[in-house]
Amino acid sequence: MLFLLSLFLLFSLPHVTFSAHCTTSTPTQTFQKCITLPTQQASIAWTFHHHNATLDLVFFGTFISPSGWVGWGINPTSPEMTGTNALVAFPDPSTGQIVLLPYLLDPTVKFQRRPLLSRPLDIRILSSSATLYGGKLATVHNGAAVQIFATLKLASNKTKLHHVWNRGLYVQGYSPTIHPTTANDLSSVMTFDVMSGSTAARHTNIGTLRSVHGIINAVSWGIMLPIGAVIARYLRHIQALGPTWFYVHAGIQLFAFFLGTVGFAIGIRLGDLSPGVQYGLHRKLGFAAFCLGALQTLALLFRPKTTNKFRKYWKSYHHFVGYGCVVLGVVNCFQGFDVMGEGRSYAKLAYCLGLSSLIGVCIALEVNSWVVFCRKSKEEKLRREGLIGGSDKGSAIFS
């Protein structure tokens with residue numbers, strides 16, 4: 001368990017991908033300063049003219065689809081997507097040539113209530129254009145580099161700007177569709193001063209909360225609950241253990257449910273911190289698993305004695321709900337890896353190795369239990385036929 005937890009901590013913590021370097025030169029213009037942006041291998045170069053408060057800049061980005069889009073913008077009030085005045089570049093549906101259109105990202109865009117339509121911006125943009133790396137003959141493809149040029153008129157003494165950028169897979173007509181919602185794509189915001197070049201990181205704990213949420217839930221719902229179920233299924237038949245198996249089973253399941261509740265609460269908090277970002281299947285599976293886990297915990301309060309006639313019904317309910325909770329928890333763990341963009345990560349590999357080991361133990365114990373069951377059935381048959389005596393009964397104890 002400690003080994004798995006160490007791997008999750010090592011590989012699941014939020015990571016940010018930086019470009020190798022930034023450049024101040026383009027084929028048509030040279031700028032004074034540049035900065036590497038923390039996500040999507042993007043960068044910005046600029047020249048600030050203090051005497052007239054104008055800003056010449058170029059944004060360097062890359063497409064992730066031949067029919068996709070790349071956008072950059074400025075939020076006048078806060079470091080977030082909502083309220084951003086954006087310039088979005090994409091291939092014209094009619095001609096295939098690169099076009100650059102202005103879009104105002106109001107709250108309706110974040111909740112996807114209607115298509116994103118081009119309209120005038122709230123900030124003063126004196127000029128703007130977009131070019132593909134390679135000139136007019138270049139074509140948009142996956143990985144194609146694009147440069148978005150803009151000249152802005154800034155307000156007096158306002159040199160600290162909130163930059164927002166992103167990219168999407170496709171465009172419907174002239175309406176860019178929603179961008180991917182991985183951790184990096186949701187972190188494409190940076191604030192920096194165009195006069196000094198100093199940056200101010202966006203103060204957020206979403207990345208840390210997401211990693212803690214994933215680690216806790218993978219350990220509790222994805223590992224500990226299945227272990228508790230295995231103990232109940234296979235160790236209860238070992239007569240030498242007596243009731244010990246039950247206390248171990250109950251202790252592991254209660255502790256796993258406590259951890260899972262903490263992870264579930266963190267997931268609810270993440271939803272509050274990310275309005276408009278919906279992971280429908282992951283959310284529904286999480287609620288279903290938590291409800292089943294809560295029912296299992298409450299069932300302990302109404303556990304009938306072994307002599308009670310309702311005991312068999314309680315056991316059927318306990319088995320059905322328990323196995324359902326385990327299956328939903330494991331499935332949702334894999335769904336969570338995909339949500340976090342860790343579908344091919346070492347963290348997922350570590351989880352798969354742990355789960356595979358547990359499945360291997362289950363197969364071995366299941367085979368052993370059937371061998372013992374068949375042996376006991378055969379001895380019981382021989383005993384009824386009088387071929388062996390009652391003193392041989394102890395030979396069939398499950399070990």
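Numbers for residues simply follow the sequence, beginning at 1.
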- Query: CE of M195 to NZ of K33: how many Å apart, nearest 0.5 Å?
  - Reply: 8.0 Å
- ILVMFWY cluster, I252 and L365 together (side-chain gap under 4.5 Å): yes
- For residues K348 and D338, determine if any side-chain heavy atom of one lies less than 4.5 Å from a side-chain heavy atom of the other. yes
- Within one Ile-Leu-Val-Met-Phe-Trp-Tyr cluster: Y346 and L353, side-chain cutoff 4.5 Å: yes
- Query: Closest heavy-atom contact between Q40 and N166?
  - Reply: NE2-OD1, 2.9 Å
- Message: Just so I know, are the side chains of E80 and V164 near enough to count as touching, which here means a heavy-atom distance under 4.5 Å?
- Response: no
- How far does OG of S175 sit from OH of Y170, to the nearest 0.5 angstrom? 10.0 Å
- Centroid-to-centroid, F287 to F264, below 6.0 Å? yes
- Task: Output the distance between atom NZ (K153) and atom CD1 (I125), rounded to the nearest 0.5 Å.
- Result: 14.5 Å
- Message: Would R303 pass as a cation-pi partner of F246, given that its NZ or CZ must be under 6.0 Å from the six-membered ring centre and within 45 degrees of the axis?
- Response: yes
- Query: Out of curiosity, does V339 fall in the hydrophobic cluster containing L281 (side-chain heavy atoms, cut-off under 4.5 Å, transitive links)?
  - Reply: no
- No-hydrogen, no-angle side-chain donor-acceptor test under 3.5 Å, T95 and Q97: no
- Is there a donor-acceptor pair under 3.5 Å between the side chain of T23 and the backbone N or O of S25? yes
- Note on the structure: Between the CD1 atom in I74 and the CG atom in L161, the distance rounded to the nearest 0.5 Å is 4.5 Å
- Query: Hey, mind stepping through T131 and I98 against side-chain contact (heavy atoms from CB on, under 4.5 Å) and telling me if it holds?
  - Reply: CA-CA 7 Å; T131 60; I98 197 76; 5.8 Å; no
- Task: Indicate if L259 and L270 have the same hydrophobic cluster label, given that clusters are the connected sets of ILVMFWY residues with side-chain heavy-atom separations under 4.5 angstrom.
- Result: yes
- Message: Could you check whether any side-chain N or O of N85 sits under 3.5 Å from a backbone N or O of D122, counting only pairs where one atom can act as donor and the other as acceptor?
- Response: yes
- Angle class for the F257/F290 ring planes (parallel below 30°, perpendicular above 60°, tilted otherwise)? parallel
- Atom of N217, atom of G263 and distance for their closest heavy-atom approach: OD1-CA, 3.2 Å
- Any donor-acceptor pair under 3.5 Å linking the side chain of H163 with the backbone of M190? no
- Query: Can you find a heavy atom in the side chain of Q335 that is under 4.5 Å from one in the side chain of N332?
  - Reply: yes
- Message: Do T54 and D56 pair up side chain to side chain, a donor and an acceptor below 3.5 Å, judged on atom types alone?
- Response: no
- Determine whether the side chains of T191 and H162 contain a donor N or O and an acceptor N or O closer than 3.5 Å. yes
- Query: Which distance, rounded to the nearest 0.5 Å, do you find between the CD1 of I227 and the NE2 of H249?
  - Reply: 13.0 Å
- Query: So do the side chains of R167 and F63 get within less than 4.5 Å of each other, counting heavy atoms only?
  - Reply: no
- Item | CZ/R124: more than 12 non-hydrogen atoms of other groups inside 6.0 Å | no
- Task: With side-chain contact (heavy atoms from CB on, under 4.5 Å) as the test, would you mind laying out the steps for L101 and Y103 before giving the verdict?
- Result: CA-CA 7 Å; L101 296 178; Y103 295 88; 3.5 Å; yes
- Query: Any chance the side chains of Y234 and N368 put a donor and an acceptor closer than 3.5 Å?
  - Reply: no
- Message: So which atom in L355 and which in G222 form the shortest heavy-atom distance, rounded to 0.1 Å?
- Response: CD1-O, 3.9 Å
- Message: Using side-chain heavy atoms (C-beta onward) and a distance below 4.5 Å, is L152 in contact with I123?
- Response: yes
- Query: Does any non-hydrogen side-chain atom of M224 lie less than 4.5 Å from one of V219?
  - Reply: yes
- Query: Any side-chain heavy-atom pair from P180 and I64 closer than 4.5 angstrom?
  - Reply: yes
- Message: Which heavy atom of C325 sits nearest to which heavy atom of L225, and what is that distance?
- Response: SG-CD1, 4.1 Å
- Single hit among L105, T177, V171, D106 for side-chain contact (heavy atoms from CB on, under 4.5 Å) with L116: L105
- Task: Please tell me if the side chains of L235 and L241 come closer than 4.5 Å, counting only heavy atoms from C-beta onward.
- Result: yes
- Once the angle between the rings of F373 and W370 is folded into 0 to 90°, is it parallel (under 30°), tilted (30 to 60°) or perpendicular (over 60°)? perpendicular
- Point-to-point distance, once rounded to the nearest 0.5 Å, from CG of L169 to OG of S67: 7.5 Å
- Item | Worked verdict on L100 versus V88 for side-chain contact (heavy atoms from CB on, under 4.5 Å) | CA-CA 5 Å; L100 184 70; V88 181; 5.6 Å; no
- Message: On a heavy-atom basis, which atom in T47 and which in T30 lie closest, and how many Å separate them?
- Response: OG1-O, 4.2 Å
- Taking atom types as modelled, is there a side-chain donor on T39 or S188 under 3.5 Å from an acceptor on the other? yes
- Query: Hey, what's the ring geometry for H319 with Y323, parallel, tilted or perpendicular (30° and 60° as the breaks)?
  - Reply: tilted
- Pick out which of W72, F149, F192, F60 makes a ring-ring contact (aromatic ring centres under 6.0 Å, His included) with W46. F192
- Item | Step-by-step side-chain contact (heavy atoms from CB on, under 4.5 Å) determination, L87 to F59 | CA-CA 10 Å; L87 294 173; F59 169 80; over 6 Å; no
- A150 backbone acceptor or donor facing S128 side chain under 3.5 Å: no
- Item | Audit row: E380, R383, salt bridge (charged side-chain N to carboxylate O under 4.0 Å, His left out) steps and yes/no | CA-CA 5 Å; E380 186 65 28; R383 190 177 298 110; 2.7 Å; yes
- Can you list the residues that meet the side chain to side chain donor-acceptor pair (under 3.5 Å) rule with T26, with sequence neighbours excluded? none
- Query: Looking at Y317 and L295, what are the two nearest heavy atoms and their distance?
  - Reply: OH-O, 3.1 Å
- Message: Check whether T151 reaches the backbone of L126 with its side chain - one donor and one acceptor, N or O, closer than 3.5 Å.
- Response: no
- Item | Cluster overlap F337 with I359, hydrophobic side-chain contacts below 4.5 Å | yes
